[in-house]
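Reckoned from all heavy atoms, side chains included, excluding hydrogens, waters and symmetry mates. We count residues from 1, following the sequence as given.
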Amino acid sequence: CYYISNVHNRVIGNAASGGWAGINFPVLPEPADPTLRYSGVVPKDRTALEIVGNSVHSTGWFGKNTGAVYAGGSLYWDEDDTNSTLLKYVAGRVGSSRLSRHTKDDDGKKRVVSGAKHNSLADKCWCNWLGETK
């Protein structure tokens, strides 16, 4: 299974089997590298460059509504602890704007994951933290 913290990348030709999701794109309001924390980069608001030719199967053992690909969960620094070196993680849905995706494509349409094509998702779907599926 893959846990991809930088969705602004090319994810091509991978195979994932098992787990609660084969590929997970968590929400990161700041970079995971502490030296880049205040760089102004907002990973959660960037679109994927390319997600092509990946195969995911046999996922969702722990829940009937899980997806083969999950764009959700939050990996973040505690806002009140500016010297922290420990990231916090919430696997489920988080309602705060800081921990929500605001990704838009070049046409201004909201996109959680764009650039995805020719992926094989056996018996499952793409799920984002809003509960939307593709």
Side-chain angles (χ1 to χ4, degrees):
C1 297
Y2 298 92
Y3 192 86
I4 302 169
S5 60
N6 181 7
V7 72
H8 193 69
N9 227 319
R10 288 181 168 79
V11 182
I12 302 171
N14 298 287
S17 175
W20 64 275
I23 301 174
N24 182 12
F25 297 102
V27 174
L28 279 88
E30 299 94 16
D33 183 335
T35 63
L36 299 174
R37 183 174 176 186
Y38 300 106
S39 66
V41 173
V42 184
K44 71 181 181 72
D45 293 343
R46 307 212 45 205
T47 58
L49 296 177
E50 199 172 15
I51 304 171
V52 177
N54 299 286
S55 174
V56 180
H57 66 88
S58 304
T59 61
W61 177 258
F62 300 106
K64 66 180 181 176
N65 294 323
T66 61
V69 178
Y70 181 65
S74 299
L75 184 62
Y76 60 95
W77 301 98
D78 187 348
E79 282 185 292
D80 299 330
D81 187 356
T82 58
N83 297 317
S84 178
T85 58
L86 182 66
L87 290 164
K88 293 184 176 186
Y89 181 70
V90 175
R93 296 170 174 95
V94 178
S96 80
S97 179
R98 177 176 176 252
L99 301 178
S100 299
R101 292 190 191 278
H102 303 288
T103 308
K104 294 187 178 180
D105 62 15
D106 293 337
D107 295 328
K109 295 179 183 174
K110 185 174 180 180
R111 301 275 188 234
V112 173
V113 178
S114 62
K117 58 185 175 184
H118 308 297
N119 295 288
S120 172
L121 310 176
D123 300 324
K124 292 289 179 173
C125 58
W126 292 81
C127 294
N128 70 31
W129 74 273
L130 297 171
E132 299 167 353
T133 59
K134 289 188 172 195

Original post:
What is the minimum heavy-atom distance between Arg46 and Val42, and which atoms define it?
Top reply: CG-O, 3.4 Å
Original post:
Is any side-chain heavy atom of Tyr3 closer than 4.5 Å to a side-chain heavy atom of Ile23?
Top reply: no
Original post:
Do Tyr89 and Leu28 sit in the same hydrophobic cluster, where Ile, Leu, Val, Met, Phe, Trp and Tyr count as joined when their side-chain heavy atoms come under 4.5 Å apart?
Top reply: yes
Original post:
If you look only at pairs with a residue in residues 14-26, which of them pass as a salt bridge (charged side-chain N to carboxylate O under 4.0 Å, His left out), with sequence neighbours excluded?
Top reply: none
Original post:
Should Ile4 and Val56 be counted in the same cluster of Ile, Leu, Val, Met, Phe, Trp and Tyr side chains packed under 4.5 Å apart?
Top reply: yes
**OP:** Measure across Val7 and Pro43 and return the closest heavy-atom pair with its distance rounded to 0.1 Å.
**Re:** CG1-O, 4.3 Å
**OP:** Could you grab the distance from atom OH of Tyr76 to atom CG of Leu87, nearest 0.5 Å is fine?
**Re:** 10.0 Å
Subject >> Least distance between heavy atoms, Pro29 atom then Leu75 atom >> reply: CD-O, 3.5 Å
Subject >> Check: Ser74 and Pro26 side chains under 4.5 Å, non-hydrogen atoms >> reply: no
Original post:
Do you know which two heavy atoms are closest between Ala16 and Cys1, and how far apart they sit?
Top reply: CB-CA, 4.2 Å
Subject >> Residue pair Glu50, Ile12: steps toward the side chain to side chain contact (heavy atoms under 4.5 Å, CB included) verdict >> reply: CA-CA 7 Å; Glu50 199 172 15; Ile12 302 171; 3.6 Å; yes
Original post:
Closest heavy-atom contact between Asn54 and Val11?
Top reply: ND2-O, 2.9 Å
Original post:
Are Ile51 and Phe25 close enough, and set up right, to give a side chain to side chain contact (heavy atoms under 4.5 Å, CB included), and what steps lead you there?
Top reply: CA-CA 12 Å; Ile51 304 171; Phe25 297 102; 3.8 Å; yes
Original post:
Thr82 and Glu79: which non-hydrogen atoms are nearest, and at how many Å?
Top reply: CG2-O, 4.3 Å
Original post:
Once you round to the nearest 0.5 Å, how far does NE2 of His8 lie from CG of Asp45?
Top reply: 12.5 Å
Original post:
Should Arg37 and Trp77 count as side-chain neighbours, where that means a heavy-atom distance under 4.5 Å?
Top reply: yes
